[in-house]
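The next block holds one structure in the form of structure tokens; read it before the comments.
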Amino acid sequence: ILLAQMELDANIENHLPMVRWLMTQRNSLGGFASTQDTVVGLHGLSAFAMKLESGSVDLDIQFDVLEDTQVLLTETFKVAANNMKLLQTRYVSREVSNKATTVKVKLVGSGRALVQSAVKFYVTEEGGAVDSGDFVVDIITDGNARRKRSAESADDGSVWVKGCAAAKPDKETSGMTIIQIGVPSGYSADQTETRSKTTSPDIKLIEF
């Protein structure tokens, strides 16, 4: 739609609402929901960028991360002719992001720049065990498990995932059963810890 509108209307200002909406659909890496969406979306954004006046760029972009009125983190990016095509990023630690309530952006200078923020989080689904017909399966997560079992006073970000599966009482045999647990991006399985906690004689193989 953006490409068609730009062919029909030469006024760049009229396309800004569509471009802003399109930008909200991008993920943290600049892509879209699928490969096809990414190709089409970047095609439209590239065509729009080519129609903008090039001009000179000299911008200072300041980010303030706040908890209410207290500034937790300040970062300033410089955008000029020598780096205007480079991606500049800043990762905000979990210690800061857990407290943050507001992010303020201040631009000083002349030119155009794209500013994007991305928030990633995982939500544990509640609801108890799931009856699949032959088995009852339950997943229990505990973000404080490591702290509870050791003398560490600070949460180091570890998460225990306990997969529980049991054949229903009316099933005499089940044959081979595979339990597969996915690990969210940014985490890796502690293989030694996992093997030591898996003690059931019915488990024949553990793979990572």
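In this chain, numbering begins with 1 at the start of the sequence shown.
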Heavy-atom side-chain proximity of [X] to [Y] below 4.5 angstrom:
{"X": "R26", "Y": "L42", "result": "yes"}
{"X": "L72", "Y": "K99", "result": "yes"}
{"X": "Q88", "Y": "V79", "result": "yes"}
{"X": "R112", "Y": "V57", "result": "no"}
{"X": "L73", "Y": "R90", "result": "yes"}
{"X": "F63", "Y": "K104", "result": "no"}
{"X": "F48", "Y": "L3", "result": "no"}
{"X": "L45", "Y": "V19", "result": "yes"}

* Please say which of V40, L22, V39 ends up in a side chain to side chain contact (heavy atoms under 4.5 Å, CB included) with F32. =>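 Output: one option passes, namely L22.
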* Asked: L114 and M23: side-chain contact (heavy atoms from CB on, under 4.5 Å), yes or no, with the steps?
  -> CA-CA 9 Å; L114 169 63; M23 294 303 304; 3.3 Å; yes
* Asked: What about V105 and V108, same hydrophobic cluster or not, with Ile/Leu/Val/Met/Phe/Trp/Tyr joined at side-chain heavy-atom distances under 4.5 Å?
  ->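 Per the 4.5 Å side-chain linkage, V105 and V108 are not co-clustered.
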* **Hphob cluster co-occupancy, Y91 + L86, side-chain heavy atoms under 4.5 angstrom** =>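 No; L86 is not reachable from Y91 via cluster members.
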If we ignore hydrogens and angles and just use 3.5 Å, is the side chain of [X] paired with the main-chain N or O of [Y] as donor and acceptor?
{"X": "H43", "Y": "T38", "value": "no"}
{"X": "E75", "Y": "T89", "value": "no"}
{"X": "S97", "Y": "V92", "value": "no"}

* To do: Establish, from distance only, whether the side-chain atoms of D68 and Q70 form a donor-acceptor pair under 3.5 Å.
  =>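 No, Q70 and D68 have no side-chain donor paired with an acceptor closer than 3.5 Å.
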Can you give me the closest heavy-atom contact between [X] and [Y], atom names plus distance?
{"X": "H15", "Y": "L2", "result": "CB-CD1, 4.0 Å"}
{"X": "E13", "Y": "L16", "result": "OE1-CD1, 3.1 Å"}
{"X": "K78", "Y": "N83", "result": "O-ND2, 2.8 Å"}
{"X": "I61", "Y": "A113", "result": "CD1-CB, 3.9 Å"}
{"X": "V65", "Y": "A100", "result": "CG1-CB, 3.5 Å"}
{"X": "M6", "Y": "A47", "result": "CE-CB, 3.6 Å"}

* **CG-CG distance between L59 and L107, expressed to the nearest 0.5 angstrom** =>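 The CG atom of L59 sits 6.0 Å away from the CG atom of L107.
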* Asked: OG1 of T74 to NZ of K106: how many Å apart, nearest 0.5 Å?
  ->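 With rounding to 0.5 Å, OG1 (T74) is 11.0 Å from NZ (K106).
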* Asked: Step by step, would you call T76 with D60 a side-chain hydrogen bond (donor to acceptor under 3.5 Å, both in side chains)?
  -> CA-CA 7 Å; T76 301; D60 289 323; over 6 Å; no
* Hydrophobic clusters join Ile, Leu, Val, Met, Phe, Trp and Tyr when side-chain heavy atoms are under 4.5 Å apart, directly or via other members; which others share one with V71? ->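 When side chains under 4.5 Å apart are linked, the cluster holding V71 also contains L66.
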